[in-house]
2 protein chains.
Amino acid sequence: MISEHGLDAVTVARTAATAGMSVGLVQHYFRTKDEMLLHAFREVSARIRARAEQRIRDGVRHERPIARVMAEVMTEYIPLDEARRAEYRVARAFAGRALDAPALAEVDTEAARRLREDIARAVHNGKECGEVDEHLDPLPAAVRLAAVMEGLALQVYREPEGAAGVPVTRFVAPVLDAELAAVFTGECRQYAGRAASPRSP
Amino acid sequence: MISEHGLDAVTVARTAATAGMSVGLVQHYFRTKDEMLLHAFREVSARIRARAEQRIRDGVRHERPIARVMAEVMTEYIPLDEARRAEYRVARAFAGRALDAPALAEVDTEAARRLREDIARAVHNGKECGEVDEHLDPLPAAVRLAAVMEGLALQVYREPEGAAGVPVTRFVAPVLDAELAAVFTGECRQYAGRAASPRSP
DNA sequence: GTTATAACCGTATCTCCGTACGGTTATCTG
DNA sequence: CAGATAACCGTACGGAGATACGGTTATAAC
């Protein structure tokens, strides 16, 4: 509903109708409308994050280069198909409302923080494995990569067809690859076996 | 009002009261509330853009290196002080509502398009002057720079204090400089005299 | 079996807000 | 001065929507 008609079009009554249930039942599960919306926001955030984590796990399992895995993870966030566009619209709507709704803002910042930590961890692990320069600080690098990713997502969202006749597909991969190449400068000596997974104990 | 309490808190009556006028008078100038909000959005977009244009004009007047000027222009967009944060909040609120308000969406995309064109023009002019490699395509480069800028703005907005104890001031300039350095690789041979200004006839 | 808890419904209430409207005062214009 | 246009006011109307509420049916527990 949000992705199709925006947050303002979402009323408790309409939500109930769309779900094929009564207003009373919705109230049974969510005491207030805000509670309901918060749940929805958490839901999409979690779904998006789950996809990223899946990519990371797969990458680790197949012992693929960290840079390659991160390229996939970051591409996953770009609204390149209708499904991701829908999610992106929802996230964007909530982000706008989060301005004076601390609970929503917290979900937003938390999601961003986790993503940044994932990237920072990938960079950190890349150092151990030899893909990343020994002296590079993972945190600034992660902020930069996260920024590029989110900024790129915005560009793609606004002009899915691409700008000035050049399709987005011509932009996304090259830019992400270039940014990743600036961080992951080396070859993997011995695979550390964890890509962006948590630092092992 | 928007930046302090969000778009939802903006009612015609409250707006009138804040402006020290009557509801009737507001209606005299804006036929509908939507019209009023659209005007507000256009207003902030124009104000933000005006600052960027001013920077460009100043840069041209003093014949400063294009890369340097663009660094300033891009920094101008980052919500580094409370004034810019307020503007950023407003823009973000509108962007969220723009999902099912085509008129608002148009303002948003238009602003983005103009910015991208400014950047592309700067790159183009940089080629003539010698700051940019002859074979670089300005458009993809502009998309990339715009993406970095907007993404960085988001990171700064979400965590103004900086992440993990590292202040944002340590991030912004280095990242922007690095990105610009990737595009503006050369020295200016002879000053073209127009930085990001329109191609002369 | 009875009692409690969860699932479920429909409506009534109360508040808020956008806009319509009828009216008044000021500022031009000729 | 006439008379038109713009600036300006306060209220009334109408709709929409969030929540409260009183109630019913099912499922569980003992």
Side-chain angles (χ1 to χ4, degrees), chain A residues 1-47 86-87 89-108 110, chain B residues 1-47 86-87 89-108 110:
Chain A
M1 288 175 66
I2 297 171
S3 97
E4 275 174 24
H5 301 106
L7 255 177
D8 292 324
V10 176
T11 74
V12 176
R14 248 197 290 274
T15 307
T18 304
M21 49 169 83
S22 70
V23 178
L25 187 51
V26 173
Q27 287 180 308
H28 185 249
Y29 290 108
F30 303 105
R31 288 221 310 283
T32 69
K33 186 191 179 185
D34 284 355
E35 216 172 82
M36 180 181 85
L37 291 177
L38 182 59
H39 175 81
F41 192 19
R42 275 205 246 263
E43 191 70 19
V44 288
S45 294
R47 197 187 307 175
E87 278 178 352
R89 275 193 296 269
V90 175
R92 201 163 162 72
F94 276 119
R97 181 157 299 198
L99 288 173
D100 71 328
L104 295 180
E106 213 247 322
V107 175
D108 181 58
E110 186 64 16
Chain B
M1 286 176 68
I2 297 170
S3 96
E4 276 173 24
H5 301 106
L7 256 177
D8 293 324
V10 176
T11 73
V12 176
R14 249 197 289 274
T15 306
T18 303
M21 49 168 85
S22 70
V23 178
L25 188 52
V26 173
Q27 286 180 308
H28 182 69
Y29 290 107
F30 303 106
R31 287 221 310 282
T32 70
K33 187 193 180 184
D34 284 355
E35 216 172 81
M36 180 181 85
L37 291 178
L38 182 60
H39 175 82
F41 191 21
R42 276 204 246 262
E43 191 70 20
V44 289
S45 295
R47 198 188 304 176
E87 278 177 351
R89 274 193 295 269
V90 175
R92 202 162 161 71
F94 276 119
R97 179 156 301 198
L99 288 173
D100 69 329
L104 295 180
E106 212 247 322
V107 175
D108 182 58
E110 186 63 15

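Each chain gets a letter, A, B and so on, in the order the sequences are listed, and its residues count up from 1. From a predicted model like this one, the values you see are computed outputs, not experimental measurements.
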- Apply the test salt bridge (Lys or Arg N to Asp or Glu O under 4.0 Å) to residues A:Asp8 and A:Arg97: give CA-CA distance (whole Å), side-chain angles for both, the deciding distance (0.1 Å), then the verdict. CA-CA 10 Å; A:Asp8 292 324; A:Arg97 181 157 299 198; 2.9 Å; yes
- Query: B:Leu25 side chain: which of C:dC17, D:dA7, C:dT19 is closest?
  - Reply: D:dA7
- Note on the structure: Per the under-4.0 Å heavy-atom filter, residues of residues 26-44 of chain B near DNA chain C come out as B:Gln27, B:Thr32, B:Lys33
- Query: Quick one: are B:Glu110 and B:Val107 in side-chain contact, heavy atoms under 4.5 Å?
  - Reply: no
- Starting at the 5' end of DNA chain D, which residue's closest nucleotide do you reach first, A:Gly24 or A:Ala9? A:Ala9
- Message: So which atom in A:Thr15 and which in A:Thr11 form the shortest heavy-atom distance, rounded to 0.1 Å?
- Response: OG1-O, 2.6 Å
- Query: Which residues, if any, of residues 1-8 of chain B bring a heavy atom under 4.0 Å of DNA chain D?
  - Reply: none
- With a non-hydrogen cut-off below 4.0 angstrom, is A:Ser22 in contact with a base, only sugar-phosphate, or nothing? base
- Under 4.5 Å between any side-chain heavy atoms of B:Phe94 and B:Ile2, yes or no? yes
- Task: Return no unless some side-chain N or O of A:Arg14 is found under 4.0 Å from OP1 or OP2 of D:dG17.
- Result: yes
- Query: How far apart are the closest heavy atoms of A:Val23 and A:Ala13, and which atoms are they?
  - Reply: CG2-CA, 4.0 Å
- Message: Give me the atom names and distance for the closest heavy-atom approach of A:Ala95 to B:Arg92.
- Response: CB-NH2, 3.1 Å
Throw together a table of side-chain donor-acceptor distances under 3.5 angstrom for residues 33-47 of chain A, partners on residues two or more places apart or in other chains.
| residue | atom | partner | partner atom | Å |
| --- | --- | --- | --- | --- |
| A:Lys33 | NZ | A:Val10 | O | 2.9 |
| A:Glu35 | OE1 | A:Arg31 | N | 3.1 |
| A:Ser45 | OG | A:Phe41 | O | 3.1 |

- Message: Between B:Arg89 (side chain only) and A:Leu99 (backbone N and O only), is there a donor and an acceptor less than 3.5 Å apart?
- Response: no
